[in-house]
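First up is the structure itself, then whatever we jot down about it.
Not measured: the values here are computed from a predicted model. Heavy atoms only: backbone and side chains are in, while hydrogens, waters and symmetry mates are out. Residue numbers begin at 1 in each chain, while the letters A, B, ... track the order of the sequences.
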Amino acid sequence: MLLASFIKENKEKVLEGLKIRNFKETHFVDEVIVLDEQRKEIQQQSDNTQALINNASKEIGQLFKSGQADKANEKKGQVSEWKTQLKELQEQADVIKNKLETALLSLPNVPHPSVPPGNTDEDNEVYKAWDKAMPQLHENHQPHWELAEKYDIIDMKLGVKLTGAGFPVYKGKGARLQRALISFFLDEANKAGYTEYIPPHMVNEDSARGTGQLPDKEGQMYYVTADDLYLIPTAEVPVTNIYRDVILDEKDFPIKMTGYTPCFRREAGSYGAHVRGLNRVHQFDKVEIVHIEHPDKSYDTLQEMLKHVEGLLEQLGLPYRILRLCGGDLGFTSALTFDFEVYSAAQGRWLEVSSVSNFETFQSNRLKLRYRDTENKKHLAHTLNGSALALPRIVAALLENFQTTEGIIIPEVLQKYTGFDRID
RNA sequence: GGAGGAGUGGCAGAGCGGUUGAAUGCACCGGUCUUGAAAACCGGCAUACUCGAGAGGGUAUCGGGGGUUCGAAUCCCUCCUCCUCCGCCA
């Protein structure tokens, strides 16, 4: 959420940003500015009335003390008039505040100047292309969903029986591969200086709001009605919210956190060949990295995160490319996002496996995540996060790219985790 | 799940209807003293919104929300959290 004051002072910049995003509902910008003015005005009136009441109440107290009950009762009459006025003012104020909140929540983050304009994923900029060899598959190669069945390592049908479509069951070497990847990713994150967390897999409404899942993506989350809790769509939500309502010292930067969690996404309305197998599922595993950074350093940090993710993919030996998302494809809360895609050879497709973003102050504003500078002034911190990495599509690419007539070869870095070097 | 008890500033801990944004202690910051340090003494020390060039002013906040009252940290309702006991349980 942007600050109303920021919108007022940077109206042109905000409008330009919305244009880059191809965001049509620019009327919210003026609404915010007007409503914020109205809010101040009515707040002023309401505060003044309250001040009158507070003063009169003190006087009444004094009068009772000095035994002038009749005068006190006279004052009471006047106060009750003010109270009626106050109530009306507050009702008006509530209406305005609600409208303002709605308008503010409707506006996405202002894109970073480097974000290219564009509407769809076709307009994304290839930031780093893959210029090395592509995997060469043998003649009878198969897509990962067939391999998974052939080697009996992932059972989608069993998932349907137990839960429903999109809930894969990993079995035998498939399960062990899954666990190996999680351990590998976490170990790499630890080596890179991230503090590891195991957060809850359900969060309350405040947390979902803090990182911007609510109200924007309400339908995307599984919701436990009996307890008013949301299943997390990513570790970003609980991990970033660790720092909700926190005021840091400048010297606390950078804060680097990592966590493995399952992720739950309803993905309503998805269907077709592109969501086959592991390409899109309702529950998947992911290791996330989260940074909280000083505003001056957040873009250097974003580069550092890209390097970290690149390192993982290189060690796994998967062809990858990095995209700079265009305005239209950029997430609501993000200022700049780089997507990582790996090449899944049997499908002949690039699959998104990581999304690394700088949210600047968009999340921290709602989180009330601030820091004190050397002059003791408070400012909003910057938050960033990235997948490092999301498992299913990595598994898909591993299965497809490393399939041989003698089975699937496990990358060397994973072998000490899996305890086997091939799936056959 | 059942029965009790409790939630006050960074921490500890008073207050239990009327100048209480909140005593006191500790911590922290500045100063005096000191060769330096400690001790002692003096002063400062919450957050948000808002008015003001500034000095300074207004409003809100004593777990969250709602209510009673001219007036609530103090009374009532409700939710949350923690503690003790019982039950259940990986």
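Listed by first and then second residue, the salt bridge (Lys or Arg N to Asp or Glu O under 4.0 Å) pairs involving residues 296-309 of chain A are A:Lys256-A:Glu304, A:Lys307-A:Glu310 (not counting sequence neighbours). Counting only residues at least two apart or in different chains, side chain to side chain donor-acceptor pair (under 3.5 Å) contacts with residues 228-237 of chain A comprise A:Tyr223-A:Asp228, A:Thr234-A:Lys286, A:Glu236-A:Gln363, A:Glu236-A:Asn385. Under the side chain to side chain donor-acceptor pair (under 3.5 Å) criterion, the residue pairs touching residues 326-338 of chain A are A:Asn124-A:Asp329, A:Ser334-A:Thr337, A:Thr337-A:Ser357, with sequence neighbours excluded.
Rounded to whole Å, the separation between the C1' atoms of B:A22 and B:G15 comes to 9 Å. With both ends at atom C1', the span from B:C62 to B:A73 equals 5 Å, rounded to whole Å. Here, B:G65 and B:G10 have their C1' atoms 27 Å apart, quoted to the whole Å. Nucleotides B:U61 and B:G71 have their P atoms positioned 13 Å apart, rounded to a whole Å. B:A60 and B:A72 have their C1' atoms separated by 14 Å, given to the nearest Å. Nucleotides B:G52 and B:C45 are separated by 25 Å at their P atoms, to the nearest Å. The same atom, C1', is picked in B:G67 and in B:G17; the two are 15 Å apart, to the nearest Å. Atom name P, nucleotides B:G5 and B:G57: the rounded distance is 43 Å, in whole Å.
Judged by Watson-Crick or G-U wobble contacts below 3.5 Å, the nucleotide B:A14 has no partner. When both distances must be under 3.5 Å, the Watson-Crick or G-U wobble mate of B:U20 does not exist. When both distances must be under 3.5 Å, the Watson-Crick or G-U wobble mate of B:A90 does not exist. For B:A72, there is no paired base (Watson-Crick or G-U wobble, both distances below 3.5 Å). Under the Watson-Crick or G-U wobble criterion, with both distances below 3.5 Å, B:A48 is paired with B:U59. The partner of B:G7 is B:C80, judged by Watson-Crick or G-U wobble contacts that both fall below 3.5 Å. Of all nucleotides present, only B:C29 satisfies the Watson-Crick or G-U wobble test against B:G43, with each distance under 3.5 Å. Across all strands shown, B:G36 remains unpaired; no Watson-Crick or G-U wobble contact has both distances below 3.5 Å.
Aromatic ring orientation, A:Tyr371 versus A:His379: tilted (interplanar angle from 30° to 60°). The aromatic rings of A:Phe23 and A:Phe28 sit tilted, their planes meeting at an angle between 30° and 60°.
Ring pair A:Phe264/A:His201: centre-to-centre distance not below 6.0 Å.
One side chain, A:Glu360 or A:Tyr299, offers a donor N or O that lies under 3.5 Å from an acceptor on the other.
Atom P of nucleotide B:G64 and atom CD of A:Glu205 are separated by 18 Å, given to the nearest angstrom. Between the CD1 atom of A:Ile60 and the P atom of B:A72 there is a distance of 12 Å, given to the nearest Å. As rounded to whole Å, 16 Å separates atom C1' of B:U47 from atom CG of A:Leu248. For A:Gln85 and B:C70, the CD to C1' distance is 15 Å, given to the nearest whole Å. Rounded to whole angstrom, the span from the CZ atom of A:Arg39 across to the P atom of B:A60 amounts to 16 Å. A:Lys76 has its NZ atom 9 Å from the C1' atom of B:G71, to the nearest Å. Distance NZ (A:Lys87) to C1' (B:U68): 13 Å, rounded to an integer number of Å. The separation between A:Arg366 atom CZ and B:A48 atom P is 19 Å, rounded to whole Å.
Between A:Gln62 and A:Val79, it is A:Gln62 whose nearest contact on RNA chain B lies nearer the 5' terminus.
The residue A:Lys40 sits close only to the backbone: its heavy atoms come under 4.0 Å of sugar-phosphate atoms, none of a base.
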Measure all distances between protein nitrogen or oxygen atoms and nitrogen or oxygen atoms of nucleotides 56-59 of chain B, and list the pairs falling under 3.5 Å.
unit_1: B:G58; atom_1: N2; unit_2: A:Asp47; atom_2: OD2; d: 3.2
unit_1: B:U59; atom_1: OP1; unit_2: A:Asn54; atom_2: ND2; d: 3.3
unit_1: B:U59; atom_1: O2'; unit_2: A:Asp47; atom_2: OD1; d: 3.1

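Evaluation of the side chain to side chain contact (heavy atoms under 4.5 Å, CB included) rule for A:Lys173 yields A:Ile153, A:Phe420, A:Ile423, A:Asp424 as partners, not counting sequence neighbours. Partners of A:Gln315 under the side chain to side chain contact (heavy atoms under 4.5 Å, CB included) rule, at least two apart in sequence or in another chain, are A:Phe184, A:Glu188, A:Val413.
Under 4.0 angstrom from either OP1 or OP2 of B:G71 there lies at least one side-chain N or O belonging to A:Lys83. Between B:A48 and A:Lys378, a contact under 4.0 Å exists linking OP1 or OP2 to a side-chain N or O. The side chain of A:Arg370 places no N or O atom within less than 4.0 Å of a non-bridging phosphate oxygen (OP1 or OP2) of B:U47.
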